[in-house]
Amino acid sequence: MTARIIDGKTIAVELRGRIAAEVARVLSTHKLVPGIAVVQVGDNPASSVYVRSKSKAVAEAGMRAFDHKLPDDVSEAELLTLIGTLNADPKVNGILVQLPLPPHIDAQRIIASIEADKDVDGFHPLNAGRHATGLPGLVPCTPLGCVLLAKSVLPSLAGLEAVVIGRSNIVGKPLLQLLLAENATVTVAHSKTRDLPGVCRRADLLIAAIGRPEMVRGDWIKPGATVIDVGINRVPGEGGKSRIVGDVAFAEAETVAGAITPVPGGVGPMTIACLLLNTLRAACAQNGLPVPLL
Ligand code: GUN
């Protein structure tokens, strides 16, 4: 069997088109331009790439991006002051502080200082709690993208065995909530899980968010399963160059799986599209407008 490739790039382009149309509609009917502040501390090259592509996508959707680049040695107090200003600014509907932050800054304290209704990353404890209890709130972008990709090839997730590898606050835990809300039977596996390959082989839907290059092998996958690969790992390639691989050994997996996301071009583009969606939703909610589902 050769798996169907889940083309995240194309699905993200379609979603971004629907978002841009809705942004144009709220502009013409309500004179509202959704705005997001993107805060970067220091010069981490990977963060700079993400921040640039986020700001570009925001502009392409017809929204406003307010970029704040702060030096590596900025104090926690200065960063908290900036977030206070952004919290109070009605033009700023969403606030994203790019992670990781330097070690002298307490990331949890920074996340908690963001107004929960502007927390377009969905990382604030209030949004995590709302999500866990089924209340409306902002949901982290990468997990949301994973579920949209899974639903692009599966008519329903209800009753499926879903296995998530990884238990981070950013991906694994919110995925548990999202998949439960879709009525899947969910297992969250992690580094201490016994017989990880055996657990994975039970999965109709396998989502890998471990951060280890090509750890999930072909024989960990149930024939016909849907595989979503969240990993973005840089490894040495040919001729001294590096290349990007996922957490799944793609060449092996595509001979077993029913459908699989590539890396790059799978989950990554969906994360940005979902950030735009969260920003639009936050702007509508803050202005008393119906929140678009899209
Ligand atoms: N760093 C890596 N991924 C993310 C993300 O989704 N949001 C933020 N704020 N930082 C990140």
Side-chain angles (χ1 to χ4, degrees), residues 8 12 15-16 35-58 65-70 72 74 76 79-80 82-83 86-87 92-103 105-128 131 137-149 164 166-175 177-178 207-212 228-234 244 246-247 263-264 266-279 281-282:
L15 176 56
R16 284 168 59 170
I36 176 173
V38 180
V39 181
Q40 183 183 355
V41 178
D43 247 336
N44 177 325
S47 290
S48 296
V49 172
Y50 291 136
V51 164
R52 265 199 305 278
S53 54
K54 282 171 188 171
S55 299
K56 185 163 165 273
V58 167
F66 305 96
D67 290 340
H68 294 268
K69 196 159 182 182
L70 304 175
D72 209 19
V74 71
E76 189 175 283
L79 183 53
L80 288 169
L82 171 63
I83 292 170
L86 299 172
N87 280 340
V92 174
N93 305 112
I95 301 171
L96 180 148
V97 178
Q98 186 65 28
L99 303 176
L101 289 167
I105 295 178
D106 180 345
Q108 289 296 349
R109 183 177 293 165
I110 297 301
I111 289 168
S113 76
I114 297 171
E115 187 64 48
D117 293 342
K118 295 190 176 188
D119 164 42
V120 284
D121 260 328
F123 295 166
H124 192 288
L126 205 54
N127 281 321
H131 196 202
L138 290 159
V139 174
C141 305
T142 298
L144 193 54
C146 291
V147 170
L148 293 175
L149 289 177
V164 177
R167 54 177 156 178
S168 70
N169 290 342
I170 295 181
V171 183
K173 285 180 199 159
L175 258 174
Q177 308 299 347
L178 281 169
I207 305 185
I210 328 153
R212 284 176 177 252
I228 308 286
D229 189 349
V230 182
I232 300 177
N233 308 291
R234 195 172 282 280
I244 303 287
D247 291 346
V263 176
V267 175
M270 289 302 285
T271 297
I272 293 190
C274 291
L275 177 68
L276 303 178
L277 182 58
N278 276 352
T279 305
R281 285 176 172 169

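In this text, all values refer to a predicted model and were calculated from it rather than measured experimentally. Just follow the structure's listing: the first ligand is 1, and inside any ligand the first atom is 1.
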* side-chain contact (heavy atoms from CB on, under 4.5 Å) between Leu86 and Val39, worked out -> CA-CA 10 Å; Leu86 299 172; Val39 181; 4.0 Å; yes
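Between Gln98 and ligand 1, an N or O atom pair is found at a separation short of 3.5 Å. Residue Pro100 has no N or O atom closer than 3.5 Å to an N or O atom of ligand 1. Polar contact check, Asp121 against ligand 1: a nitrogen or oxygen pair lies under 3.5 Å apart. Considering backbone and side-chain N/O atoms, Leu99 comes within less than 3.5 Å of an N/O atom of ligand 1.
Taking a 4.0 Å cut-off on heavy atoms, Phe123 registers as neighbouring ligand 1.
At distances below 3.5 Å, at least one donor-acceptor pair connects side-chain atoms of Asn87 with backbone N or O atoms of Glu115. A donor-acceptor pair under 3.5 Å links the side-chain atoms of Asn278 to the main chain of Val139, judged by distance alone. Remark: the backbone N or O of Gly35 is paired with a side-chain donor or acceptor of Asn93 at under 3.5 angstrom. Lys54 contributes no side-chain N or O that, together with a main-chain N or O of Leu96, makes up a donor-acceptor pair within less than 3.5 Å.
Only backbone heavy atoms of Val97 (N, CA, C or O) come within less than 4.0 Å of ligand 1; its side chain stays farther off.
The atoms of ligand 1 that sit less than 4.0 Å from any heavy atom of Leu96 are 9 (N).
The structure places CD1 of Ile110 at 11.5 Å from CD1 of Ile95, a figure rounded to the nearest 0.5 Å.
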